[in-house]
Asker: 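Just dropping this structure here.
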Amino acid sequence: MTACFRQAVFVPPPVCVVAYELGFFAHVGLEVETVLIESSTDQRDRLLTDDVDAGVTAIDNLIVWNSGGGDLRVVAQIESTTPLRLIAQPSVRGLEDLRGATLGVDAPDNGFAVLLRHLLGHHGLPPGAYEFVPVGGVRERFEALRSRSIDAAWLGPPLDEMAQQEGFVSLLAVEDEVPDFPGQGVVAGPAMRQAGREKLSLYLTALEAARKWLHATDDEQIQDVLTRGGYGPASARAALRTRPVSLAPARAGLECVLTMRDKLGMMPDRAPGADDLYDGRPLGLELRP
């Protein structure tokens, strides 16, 4: 008997593409429906109302989501770090050109916007030197760049590659700047982690099969499978670089997110600790060091 599982994603990540293309979802008895979302707010609302079973998102999102009373937890981390690039208009020659610029984000105070504040400050651009404008998820940010309504934004595979092919420029990469920053996590609400745990465990079993395949298979074959899933050559190489060594998050990565937010003075009331961000029961694994 096949069960339906709904995953809410901005762009299907590599392990999900592999699990679908190679039939790992089908093998465990799941028919996975991918819901493409437009913003983290949309994703949070769908998770809290059980409109979807799980979401793939920036782990930082949970800090704000749960401070407002949600009980969403990371149940797996599917990238060793995030392969995001800060992509800008062709006229931008460097980070200093972003002074006075309009930067497209999903939400100004959570997710990868926190990381962007941190990195811009590290490079000499404090808050107030630029303007954050909420435009939505990665697909929406890509279109905002193309329409010239923003000057720069985070883009990830395969949209960062597509943007550079169209003449947009890459200013920095998270992998180079903050290698400890955790990649996206699979997030689930309390109902799925309890009553729906069996179905969630099947989903994670398929992702684990995909993770192992990504480490056991030659690069050319991996690139072929990811190409079928819509990834270009550069995006496939990024997927190879950020293959997770385990689906269990590293404590150091979760603490990196919390420390970054704390140093920026953006820690909300009732902020969680690293252990409060992760529920290891569906995966059966503890946090890694």
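These values consider heavy atoms only, across backbone and side chains, with no hydrogens, waters or symmetry-generated copies.
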Asker: Could you check whether Asn110 and Asp60, counting side-chain N and O atoms only, form a donor-acceptor pair closer than 3.5 Å?
Answerer: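 Looking only at side-chain atoms, Asn110 and Asp60 do not form any donor-acceptor pair under 3.5 Å.
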
Asker: Of Met266, Met260, His122, Arg261, which is the lone residue that meets side chain to side chain contact (heavy atoms under 4.5 Å, CB included) with Arg117?
Answerer: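 When side chain to side chain contact (heavy atoms under 4.5 Å, CB included) is applied between Arg117 and each of Met266, Met260, His122, Arg261, only Met266 qualifies.
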
Asker: In chain order, what residues pass the side chain to side chain donor-acceptor pair (under 3.5 Å) check against Ser147, with sequence neighbours excluded?
Answerer: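 With neighbours one apart ignored, the set is Ser149.
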
Asker: Are Arg288 and Val245 packed together at the side-chain level, in the sense that at least one heavy-atom pair is separated by less than 4.5 angstrom?
Answerer: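 Touching, per the 4.5 Å side-chain cut-off.
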
Asker: Are any of the side-chain nitrogens in Arg6 or Asp51 under 4.0 Å away from the carboxylate oxygens of its partner?
Answerer: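 Salt bridge between Arg6 and Asp51, a charged N being under 4.0 Å from a carboxylate O: yes.
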
Asker: Write down the atom of Leu62, the atom of Val187, and the distance for their closest heavy-atom approach.
Answerer: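 Heavy-atom minimum between the residues: CD1-CG2, 3.6 Å.
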
Asker: Could you tell me whether the side chain of Asp151 and the main chain of Leu103 form a donor-acceptor pair under 3.5 Å?
Answerer: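 Not a single qualifying donor-acceptor pair exists.
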
Asker: Answer with yes or no whether the hydrophobic clustering places Val74 together with Val64; edges join I, L, V, M, F, W, Y residues whose side-chain heavy atoms lie under 4.5 Å apart.
Answerer: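 Hydrophobic grouping puts Val74 apart from Val64.
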
Asker: Does any N or O in the side chain of Asn66 come within less than 3.5 Å of the main-chain N or O of Leu72, such that one atom is a donor and the other an acceptor?
Answerer: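 Checked: pair present.
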
Asker: Where the side chain of Ser201 meets the backbone of Pro282, is there a donor-acceptor pair that is under 3.5 Å apart?
Answerer: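 It does hold such a pair.
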
Asker: For Asp42, does its backbone N or O pair with a side-chain atom of Asp45 as donor and acceptor, under 3.5 Å?
Answerer: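 Flag not set: sc Asp45 to bb Asp42 has no pair under 3.5 Å.
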
Asker: If only atom types and distance count, is the side chain of Gln89 paired as donor or acceptor with the main-chain N or O of Leu145 below 3.5 Å?
Answerer: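 Yes; at least one donor-acceptor contact below 3.5 Å.
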
Asker: Give a yes or no answer on whether the side chain of Lys263 reaches the backbone of Leu258 with a donor-acceptor pair at less than 3.5 Å.
Answerer: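 Looks like no, no N/O pair under 3.5 Å.
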
Asker: So that I can tick it off, tell me whether Arg228 and Asp224 are bridged by a salt bridge, with the cut-off set at under 4.0 angstrom between side-chain N and carboxylate O.
Answerer: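 A salt bridge is absent here (no side-chain N lies under 4.0 Å from a carboxylate O).
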
Asker: In plain terms, say whether Asp279 and Arg193 are close enough for a salt bridge, that is, a side-chain N and a carboxylate O under 4.0 Å apart.
Answerer: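 Here Asp279 pairs with Arg193 in a salt bridge, since their nearest N and O are under 4.0 Å apart.
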
Asker: Are Arg73 and Asp71 within salt-bridge range, i.e. N to O under 4.0 Å?
Answerer: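 Result for this pair is yes, salt bridge flagged.
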
Asker: Would you say the side-chain atoms of Arg197 pair up with the backbone N or O of Met192, donor to acceptor, closer than 3.5 Å?
Answerer: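 Checked: no pair found.
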
Asker: Tell me if a side-chain donor or acceptor on Glu140 pairs with a main-chain N or O of Val135 at a distance below 3.5 Å.
Answerer: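 No; judged by distance alone, with no hydrogens or angles, the pair does not exist.
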
Asker: Which pairs pass ring-ring contact (aromatic ring centres under 6.0 Å, His included) with one or both residues in residues 211-255, sequence neighbours excluded?
Answerer: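 Pairs touching residues 211-255 that pass the test: none.
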
Asker: Below 3.5 Å, can you tabulate the donor-acceptor pairs from side chains in residues 7-19 to any protein atom, sequence neighbours excluded?
Answerer:
from, atom 1, to, atom 2, distance (Å)
Gln7, OE1, Tyr203, OH, 2.6
Gln7, NE2, Thr34, OG1, 2.8

Asker: Salt-bridge test for Asp275 and Arg251: reply yes if a basic N is under 4.0 Å from a carboxylate O, no otherwise.
Answerer: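 Yes.
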
Asker: Return the CE to OG distance between Met162 and Ser235, rounded to the nearest 0.5 Å.
Answerer: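 The CE atom of Met162 sits 9.0 Å away from the OG atom of Ser235.
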
Asker: Using modelled atom types only, decide if a donor and an acceptor are shared between the side chain of Arg85 and the backbone of Val174 within a distance under 3.5 Å.
Answerer: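 Not confirmed, Arg85 side chain does not pair with Val174 backbone.
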
Asker: For the pair Thr81 (side chain) and Phe181 (backbone), establish whether a donor and an acceptor sit closer than 3.5 Å, ignoring hydrogens and angles.
Answerer: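 Here the side-chain-to-backbone pair exists.
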
Asker: I need the Leu171 CG to Leu86 CG distance, nearest 0.5 Å.
Answerer: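 Result: 5.0 Å between the selected atoms.
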
Asker: Do you know which two heavy atoms are closest between Ala188 and Val75, and how far apart they sit?
Answerer: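 In this case the closest contact between Ala188 and Val75 is CB-CG1, 4.3 Å.
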
Asker: Assess, by modelled atom type and distance only, whether the side chains of Glu177 and His118 contain a donor and an acceptor separated by less than 3.5 Å.
Answerer: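 No, His118 and Glu177 have no side-chain donor paired with an acceptor closer than 3.5 Å.
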
Asker: Under a 3.5 Å cutoff, is there a donor and acceptor pairing between the side chains of Ser39 and Asp106?
Answerer: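 Looking only at side-chain atoms, Asp106 and Ser39 do not form any donor-acceptor pair under 3.5 Å.
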
